[in-house]
Amino acid sequence: MQIKNSALSLVIDAINQKELEELRLQFLGRSGKLTLAIKEIVKVPIEKRPEVGQLANEVKRAIEEAIEQKISNFKFQISNQKKESIDKTTPGIKPKIGHPHPMTLALYDVVEIFKKIGFQTADGPEIETDYYNFEILNIPKDHPARDAQQTLYIDTRDSKTNPGEIILRTHGSNMQGRIMKKIDHPVRAIYPGKVFRYEQVDASHGFEFWQLEGLAVDKNLTMTNLLGTMSYALKEFFGLDTQVKFVCHNFPFVEPGAEAYMSCTVCKGKGCSFCKQLGWVEILGCGMIHRNVLKAVGYDPQKVSGFAWGMGLSRMIILRYQMDDLRLLTNPDLRILEQF
Ligand code: DAH
């Protein structure tokens, strides 16, 4: 018992692992105090030996356990000290934060490009009435131009609305009527947004894509103003060496109308799957706003004229970053997104 008490109190007082190892030798080693005491058991009367032997074993175990426990305490303290010894003044690891999607980056740019020449930015509904998407734009119910805009209809069976009345807008032109009805001329506005069509999806077509529409109405605006504005915007966005060509095209809401093509940036005009081997990509539709549209919004076509256009914004991004597939823009794969 005496040995046990003195061993345990020495273990408690030990200040490092080395001292503990010394204590282990001092008590439990070959010529340690306890080991020698156990050897003395032979001198104890035979009938008392089992009892004394058991006691000696218990003492041995108690000392061993106390030493082991203390060693593991020291180890724990040392590993904690190591952690503590980190230099707190070194800069931390920066948490990963997101960044704007290429779509958003392009949006910022085009808004800025048009702001420089006096265009305001507007926003409008994606779920639209037939009236603003078609009727007011000189596209009555039986007009063949409706076929070209594969329309997605909203199911209105449970509402008072007539069937076919509410649709997903097929183009950003739905905003023309809304803006001109609300704002008197002169007006210059752009309205970027998503549009929807029941389209066969491929590298350059999607059922949901972005357009950047805009219009300007004032006294004496002519086709030259339109062509100049479009060339300016495309060259600002893609670089001054971008080639732009205009080709006559019919849209019911403009007269005359045109489509603009720009040199394909993916293949540098050589021909690739994105430009269907043409070297040119259709990038926008435009024209002088039809007098029927001006009349429908309450403007006097004798006094003012205007131009409007609709650019394929998703397509512009593909061309800017030389991606070869429109679908990459809606792909959430971080390996794509982290490149921007
Ligand atoms: N809305 C047409 C389309 O999606 C593009 C367009 C053509 C818009 C001529 C216009 C325009 O504003 O004047 O195909």
Side-chain angles (χ1 to χ4, degrees), residues 110 114 119-122 124-126 128-140 143-152 167-181 187-200 204-218 221-231 233-234 244-262 281-294 296-297 299 301 304-316 326:
V110 280
F114 281 101
F119 282 79
Q120 288 179 298
T121 308
E126 290 174 354
E128 186 52 288
T129 55
D130 180 279
Y131 175 70
Y132 279 113
N133 198 85
F134 294 125
E135 292 279 338
I136 200 170
L137 292 171
N138 203 26
I139 314 176
H143 199 291
R146 288 197 177 209
D147 289 351
Q149 305 235 326
Q150 295 89 332
T151 311
L152 288 156
I167 60 171
L168 291 182
R169 67 171 171 194
T170 58
H171 52 183
S173 313
N174 70 318
M175 286 293 288
Q176 288 192 21
R178 288 184 175 275
I179 287 178
M180 289 190 281
K181 271 188 153 196
V187 52
R188 283 173 177 71
I190 58 164
Y191 24 98
K194 248 190 278 179
V195 306
F196 309 86
R197 290 186 197 173
Y198 184 61
E199 288 250 28
Q200 182 71 39
S204 52
H205 294 87
F207 60 86
E208 170 193 296
F209 52 97
W210 282 73
Q211 279 189 341
L212 179 103
E213 269 255 355
L215 61 80
V217 183
D218 206 342
L221 284 184
T222 66
M223 194 77 180
T224 322
N225 300 115
L226 164 62
L227 302 187
T229 308
M230 294 302 98
S231 299
L234 293 175
V244 186
K245 69 175 180 184
F246 293 89
V247 178
C248 282
H249 196 88
N250 176 263
F251 297 101
F253 35 96
V254 285
E255 179 56 36
E259 268 182 352
Y261 289 76
M262 57 172 276
V281 193
E282 180 208 325
I283 197 72
L284 62 92
C286 59
M288 299 305 291
I289 300 175
H290 199 288
R291 54 188 291 113
N292 288 354
V293 178
L294 292 176
V297 298
Y299 286 1
V304 287
S305 55
F307 61 82
W309 76 90
M311 291 173 167
L313 190 56
S314 303
R315 215 173 257 200
M316 284 167 71
L326 205 60

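Order of appearance sets the numbers: ligands from 1, and atoms from 1 within every ligand.
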Please enumerate all residues that pass side chain to side chain contact (heavy atoms under 4.5 Å, CB included) together with His249, with sequence neighbours excluded.
Phe251, Glu259
Per-atom contacts, ligand 1 versus [X] - under 4.0 Å to a heavy atom:
{"X": "Phe251", "answer": "7 (C), 9 (C)"}
{"X": "Gln211", "answer": "3 (C), 4 (O)"}
{"X": "Gln176", "answer": "12 (O)"}
{"X": "Gly310", "answer": "6 (C), 8 (C), 10 (C), 12 (O)"}
{"X": "Gly287", "answer": "13 (O)"}
{"X": "Val254", "answer": "13 (O)"}

Tell me whether ligand 1 is touched by [X] - counting only heavy atoms on the residue side and a distance under 4.0 Å.
{"X": "Glu259", "answer": "no"}
{"X": "Cys286", "answer": "yes"}
{"X": "His249", "answer": "no"}

Relative to ligand 1, is Trp309 under 4.0 angstrom through side chain, backbone, both or neither, heavy atoms considered?
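The answer is the backbone of Trp309.
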So, the side chain of Arg197 versus the backbone of Thr170: is there a donor-acceptor pair under 3.5 Å, distance only?
yes
Checking the N or O distance criterion of under 3.5 Å, is ligand 1 in contact with Ala308?
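Between Ala308 and ligand 1, an N or O pair is found under 3.5 Å apart.
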Can you pull out the closest protein heavy atom to atom 11 (C) of ligand 1? Residue, atom name and distance to 0.1 Å, please.
Phe253 CE1, 3.4 Å
To the nearest 0.1 Å, how far is atom 7 (C) of ligand 1 from its closest protein heavy atom, and which atom is that?
Gly285 C, 3.3 Å
From atom 4 (O) of ligand 1, work out which of Glu255, Glu213, Arg197, Glu282 has a heavy atom at the shortest distance.
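Considering heavy atoms of Glu255, Glu213, Arg197, Glu282, the nearest to atom 4 (O) of ligand 1 sits in Arg197.
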Could you check whether any side-chain heavy atom of [X] comes within less than 4.5 Å of a side-chain heavy atom of [Y], counting everything from C-beta outward?
{"X": "Pro252", "Y": "Leu137", "answer": "no"}
{"X": "Tyr299", "Y": "Ile289", "answer": "no"}
{"X": "Leu284", "Y": "Leu234", "answer": "yes"}

Geometric class of the Phe134/His171 ring pair [parallel <30°, tilted 30-60°, perpendicular >60°]:
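Answer is tilted, since the angle falls between 30° and 60°.
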Partners passing ring pair (Phe, Tyr, Trp, His ring centres under 6.0 Å) against Phe307 (at least two apart in sequence or in another chain)
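Checked Phe307 against ring pair (Phe, Tyr, Trp, His ring centres under 6.0 Å); zero matches.
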Rounded at 0.5 Å granularity, tell me how far CD in Gln176 sits from CD1 in Ile136.
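Going from CD on Gln176 over to CD1 on Ile136, the span is 9.0 Å.
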Test of ring centre spacing under 6.0 Å for Phe246 and Trp309:
no
